[in-house]
Structure formats: C-alpha cells, structure tokens
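What follows is one structure encoded as structure tokens, with my remarks underneath.
Values below: all heavy atoms of this structure, side chains included; hydrogens, waters and symmetry mates excluded.
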Amino acid sequence: MGDDRTTARVLLERRGRTYAEEAGIRLADRPGPLYQLLVLTTLLSTRIRACVAVAAARELFAAGYRTPAAMEAASWQDRVDALGRGHYRRYDERTATMLGTGARLCLDRWRGDLRRLHDEADGQPTRMRGLLTGFPGIGPTGADIFLREAQTVWPDVRPYADKRTLAGAKRLGLPGSPDRLAGLVDGAEFGRLASALVRVALGEESAGEVTRAASA
C-alpha cells in the first residue's frame with residue numbers, strides 16, 4: 001500500500017490537473033461550471049484527441065458560450081467557427097448542432113441547472129449516468145467522463161472510476177477497484193487521480209516514467 005500511495009502521489013504531481021481545469025473550467029457546484037463540463041464532455045465523447053477537445057472547449061468559452069442560453073443563442077455557424085479555431089474540424093458541423101440541441105434540452109428539462117439532474121437522481125451515479133445519456137452526443141462513455149470529473153464537486157459520486165481510469169491503474173500496477181484506489185489519496189483528490197489515470201491509459205503519460213520516479 002505504501003508503494004501504491006507513492007505511485008499515486010507521483011502521478012498527481014506529474015498530471016494532477018483534471019480535463020475540466022485544462023479547459024479553463026473553474027468547476028464548482030453551480031449552474032455555469034456544470035454546464036461547461038457538459039460541453040467539454042460532449043467534445044470529449046467523439047473519436048478525437050483529448051487535447052483537441054480541450055482546445056475547442058476553450059474556444060467556445062472564449063467566444064462567450066458558457067451557459068446554455070448563450071450556446072443556444074449563438075448561430076450554428078458561430079459554433080462551427082469556434083470549434084474550428086480549436087482545430088475540432090472532423091466533427092465540427094455535427095457537434096455544433098448537438099451543442100445547440102443539448103443547450104435547449106438543458107434549459108427545457110433542467111432549467112439550465114444540472115444540479116437538478118443530480119437531485120432528481122438522488123445523487124446516485126447509476127441514475128445520473130442514465131439521465132446524462134439523454135443529451136445528444138453523450139453515451140455511456142460520455143456520462144462516465146462527466147461523472148469522473150464532477151466527483152470533485154459532487155462528493156456523493158466518489159469514488160467514481162470508469163473503465164479508462166481502471167485501465168490506467170492496471171498499467172501502473174495499482175489496485176483495480178474504485179474503493180481501493182480511493183484509499184491511496186485524500187478524498188477530495190480522487191477526481192484528480194482518476195483523470196491522471198485516464199491520461200496513463202490514453203498514453204498521454206508514461207506508466208514507465210511514473211513507476212521509475214516513484215521508485216527513485
């Protein structure tokens with residue numbers, strides 16, 4: 001367990017930023033940041049590199065589309081152009097449509113506040129996962145992404161570890177269950193650890209370099 005904790009600590013030191021932080025989202029249990037996480041999740045759900053999805057999210061937010069009302073009010077072309085500035089070109093037209101439709105759904109179904117989704121699900125991750133897949137472009141993998149990041153501000157979701165998180169843990173020789181992984185860090189840090197493990201699974205971080213640094 002001691003060695004595992006050292007590995008987890010080294011990984012956090014090297015890759016401790018969540019994808020939401022990388023996209024410039026100051027995640028909090030408030031409507032704006034939670035909607036921004038939904039936008040990022042939509043972008044990350046396509047078969048495109050995570051760094052491109054993050055860059056596209058930053059462009060959308062820089063253009064002012066930080067709320068569902070602002071996203072829906074933007075023209076389809078404006079959304080396409082913002083995605084293009086982030087080099088999100090392969091799926092830009094379809095994604096621009098999904099973002100507009102998703103914004104309308106967020107306003108109609110949840111009155112622009114995803115805390116209502118959390119409350120309707122009684123804080124149960126399985127129920128939240130099902131509700132999240134109602135948004136266009138967000139399937140089970142996308143719902144996992146949202147909850148993996150949201151657990152930093154929704155403590156009742158923790159510890160949430162999806163398949164990619166557990167794949168990263170396996171590459172590092174860390175425990176294969178969410179509860180045991182959560183035991184390696186302070187509670188509030190688990191969301192960061194989960195994101196860092198995903199980076200290992202995706203090859204954004206070298207498992208070998210992490211383990212060597214941990215044993216040094």
Suppose the criterion is side-chain hydrogen bond (donor to acceptor under 3.5 Å, both in side chains): which pairs have a residue in residues 133-145, not counting sequence neighbours?
R129-D144, D144-Y160
Quick one, P33 and R26 - any side-chain contact, counting heavy atoms below 4.5 Å?
no
Scanning both residues in full, the closest heavy-atom pair of D4 with G173 reads OD1-O, 4.0 Å
List the atom of G191, the atom of T18, and the distance in Å for their closest heavy-atom pair.
O-CG2, 4.2 Å
Check whether any side-chain heavy atom of Y91 sits under 4.5 Å from a side-chain heavy atom of R47, and report yes or no.
yes
Do other residues, nucleotides or ligands put more than 12 heavy atoms under 6.0 Å from R164 CZ?
no
Taking only residues at least two apart or on different chains, which pairs with a member in residues 182-210 satisfy salt bridge (Lys or Arg N to Asp or Glu O under 4.0 Å)?
R9-E189, R14-E205, R14-E209, R15-E205, E21-R192, E22-R199, R199-E204
If you compare all heavy atoms of P125 against all heavy atoms of L147, which two are closest, and at what distance to 0.1 Å?
O-CD1, 3.7 Å
Side-chain heavy atoms nearer than 4.5 Å, only ILVMFWY residues, links allowed to pass through others: does that put I145 and L117 together?
yes
Output for pair (L40 CG, Y35 OH), nearest 0.5 Å, gives 12.0 Å
From the options L37, I25, T41, V198, select the one residue that forms a side-chain contact (heavy atoms from CB on, under 4.5 Å) with Y19.
V198
Which atom names give the shortest non-hydrogen contact between C106 and L114, and what distance separates them?
SG-CD2, 4.1 Å
Do S195 and E149 come close enough that some side-chain heavy atom pair is under 4.5 Å?
yes
Kindly check if the number of other-residue, nucleotide or ligand heavy atoms within 6.0 Å of CZ (R127) is above 12?
yes
Look up atom CZ in R171 and atom CG in L197, then write down how far apart they are to the nearest 0.5 Å.
11.0 Å
Do L99 and F61 land in one hydrophobic cluster if side-chain heavy atoms of ILVMFWY residues count as linked below 4.5 Å?
yes
Evaluate the side-chain contact (heavy atoms from CB on, under 4.5 Å) criterion for residues L166 and L181: first the C-alpha distance (whole Å), next the side-chain angles of each, then the deciding distance (0.1 Å), finally the verdict.
CA-CA 9 Å; L166 297 178; L181 278 173; 3.8 Å; yes
I need the L174 CG to T211 OG1 distance, nearest 0.5 Å.
10.0 Å
State, without any angle test, whether H118 and D29 hold a side-chain donor-acceptor pair at a distance under 3.5 Å.
no
Smallest separation among heavy atoms of L43 and I48, with atom names:
O-CG2, 3.9 Å
For A201 and G168, the nearest pair of non-hydrogen atoms, with its separation, is CB-N, 3.7 Å
Among pairs that include at least one residue of residues 85-106, which meet salt bridge (Lys or Arg N to Asp or Glu O under 4.0 Å), considering only residues two or more places apart or in two chains?
E59-R85, E72-R104, R104-D108
Validation row: L131, R109 side chains within 4.5 angstrom (heavy atoms):
yes
With heavy-atom distances below 4.5 Å as the criterion, would you say the side chains of F146 and L38 are in contact?
yes
Could you go step by step and tell me if D113 and R111 meet the salt bridge (Lys or Arg N to Asp or Glu O under 4.0 Å) rule?
CA-CA 6 Å; D113 187 349; R111 286 185 270 171; over 6 Å; no
